[in-house]
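Read through the structure below, which is laid out as C-alpha cells, and then see the notes.
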Amino acid sequence: MEFGEFSIKDKLGRTIILRNARPEDSKALIKYLRITSAETPYLIREPEEITITEEKEKQFIQAKIDAERELMLVAFFDGKHIGNCSLMSIAPYKRYSHRCDVAIALYKEYCGCGIGKAMLQIVLDVAKSVGYEQAELEVIAENKDAIAMYEKLGFEKFGTFPDNMKYADGSYIDAYWMMKKL
C-alpha cells in the first residue's frame, strides 16, 4: 500500500521521516537486513542468510506497494534508512482475513528512542483502518524491551513457543506469541 511521507520527533528531538518503502530503497534494505541480523540475537536470520538480490527485493517492495492491506513502513534520519515496520496478512483466506502480522526492527543505535513505538502505532492504526481485527507478533522471550513496548501498546502474551530458534552454538531460545485486538 502507498503511504504518504511525514515526520515525527524521537525522544532525542531528531526529525525522523516515515513513508512506505520504495523499490529504490532495495539496496539500503538489504544492507539493513544484514546488519540488524548481526546486531541482535532476536531476529530470525543469520547475516549470511540474507542472500536476496536487489531485483528480488525491488519486486518484494513493489508487491507491498500493490497490496491493499499490507505495508512496509520505513524510517529515515538525515537521509539514512534506520528501520522498518511491516504489516502483513496472515494468509489469503477469508477465515484469516481478520488477522494480521506485524514486525519491527531498527538499527541498534536507534532503539529506545521512541521510533519503533511510533512506527508500530502507525502500522496498528493502518491495520485497523483496512479492516483487520487483531494484530499478532512473535517475540523472543528474552527481548524484555520489545515485550515492554508491545505491552504498552496493548499486546498480550497468549502462548510460548519452546525452543523457537536454535543458534549456531546449539543453544535454543523461546518466543512468545502476542496479540492485540484492534
Side-chain angles (χ1 to χ4, degrees), residues 1-8 10 16-26 28-33 36-37 40 42-45 50 52 56-77 81-107 110-111 113-140 143 145-159 161 164 175-182:
M1 110 182 5
E2 298 254 6
F3 189 83
E5 182 175 307
F6 68 98
S7 64
I8 61 167
D10 74 358
I16 308 299
I17 304 298
L18 302 176
R19 63 168 171 78
N20 65 275
R22 300 175 185 150
E24 60 267 24
D25 299 325
S26 62
L29 288 172
I30 293 169
K31 177 184 174 189
Y32 154 84
L33 286 172
T36 56
S37 292
T40 177
Y42 302 138
L43 300 179
I44 64 172
R45 291 176 247 184
I50 312 297
I52 191 166
K56 289 286 186 191
E57 183 69 3
K58 285 178 184 178
Q59 292 170 5
F60 177 79
I61 293 167
Q62 190 60 53
K64 294 297 176 203
I65 292 169
D66 295 341
E68 292 180 15
R69 299 178 76 206
E70 296 196 351
L71 171 64
M72 183 186 294
L73 186 66
V74 292
F76 290 85
F77 173 63
H81 172 256
I82 62 169
N84 45 296
C85 186
S86 60
L87 166 65
M88 300 154 291
S89 56
I90 296 285
Y93 310 114
K94 289 180 184 178
R95 292 180 180 182
Y96 278 26
S97 65
H98 66 293
R99 298 171 60 197
C100 66
D101 188 45
V102 295
I104 186 162
L106 299 167
Y107 282 110
Y110 295 95
C111 291
C113 298
I115 301 165
K117 184 177 178 184
M119 292 179 77
L120 193 53
Q121 185 60 63
I122 290 164
V123 164
L124 292 170
D125 292 344
V126 169
K128 186 173 183 175
S129 76
V130 297
Y132 289 114
E133 297 172 29
Q134 69 186 50
E136 304 170 18
L137 59 82
E138 198 175 294
V139 60
I140 296 303
N143 193 348
D145 292 338
I147 293 166
M149 177 184 70
Y150 299 144
E151 288 176 338
K152 285 179 188 173
L153 289 169
F155 282 86
E156 296 178 55
K157 294 176 198 162
F158 282 92
F161 293 108
N164 181 266
Y176 296 129
W177 177 70
M178 299 182 78
M179 188 267 290
K180 172 188 169 88
K181 289 289 188 184
L182 300 174

Between N20 and M1, does a side-chain contact (heavy atoms from CB on, under 4.5 Å) hold up when you go through it step by step?
-> CA-CA 8 Å; N20 65 275; M1 110 182 5; over 6 Å; no

Trace of the side-chain contact (heavy atoms from CB on, under 4.5 Å) decision for T40 with N143 | CA-CA 10 Å; T40 177; N143 193 348; 5.7 Å; no

Evaluation steps, side-chain contact (heavy atoms from CB on, under 4.5 Å), between F6 and I122 | CA-CA 11 Å; F6 68 98; I122 290 164; 3.2 Å; yes

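Of the inter-residue distances, the one linking C85 atom SG with L120 atom CG reads 4.5 Å to the nearest 0.5 angstrom. Summarising the geometry, atom CD belonging to E5 is positioned 5.5 Å from atom CZ belonging to R22; distances are rounded to the nearest 0.5 Å. The CD atom of E70 sits 9.5 Å away from the CG atom of D101 when rounded to the nearest 0.5 Å. Atom OG in S26 sits 10.5 Å away from atom CD in Q59 (nearest 0.5 Å). With rounding to the nearest 0.5 angstrom, the CG atom of L29 is 9.5 Å from the CZ atom of F60. The distance from atom CG of L124 to atom SG of C100, rounded to the nearest 0.5 Å, is 7.0 Å.
Residues Y107 and H81 are in side-chain contact: their nearest non-hydrogen atoms beyond the backbone lie under 4.5 Å apart. Using a 4.5 Å heavy-atom cutoff, the side chains of D145 and Y42 are not in contact. Side-chain contact between I50 and R45: present, with at least one pair of heavy atoms (C-beta onward) separated by less than 4.5 Å.
Considering H98, R69, R99 as possible partners of Y132, the one that fulfils the side chain to side chain contact (heavy atoms under 4.5 Å, CB included) test is R69. Checking K64, K58, K31, R19 one by one against D25, the salt bridge (charged side-chain N to carboxylate O under 4.0 Å, His left out) holds for a single residue, R19.
When the shell of 6.0 Å around CD of E68 is examined, it contains 12 or fewer heavy atoms from other residues, nucleotides or ligands.
Contact between C113 and D10 at its shortest, heavy atoms only, is O-CB, 3.3 Å. Here the shortest heavy-atom pairing between F161 and E138 reads CE1-OE1, 3.9 Å. Nearest heavy-atom pair across M119 and I104 is CB-CD1, 4.0 Å. Here the closest heavy-atom approach between residue P23 and residue I65 is recorded as CD-CD1, 3.8 Å. In plain terms, the two heavy atoms of K157 and I147 that are nearest each other are CE-CG2, 3.8 Å. In this structure, A135 and V102 approach most closely via the heavy-atom pair CB-CG1, 4.4 Å.
The cationic group of R95 does not satisfy the cation-pi geometry with Y93, failing either the under 6.0 Å distance to the six-membered ring centre or the 45° limit from the ring axis.
Judged purely by atom type and a 3.5 angstrom limit, Y32 uses its side chain to pair as donor or acceptor with the backbone of A105.
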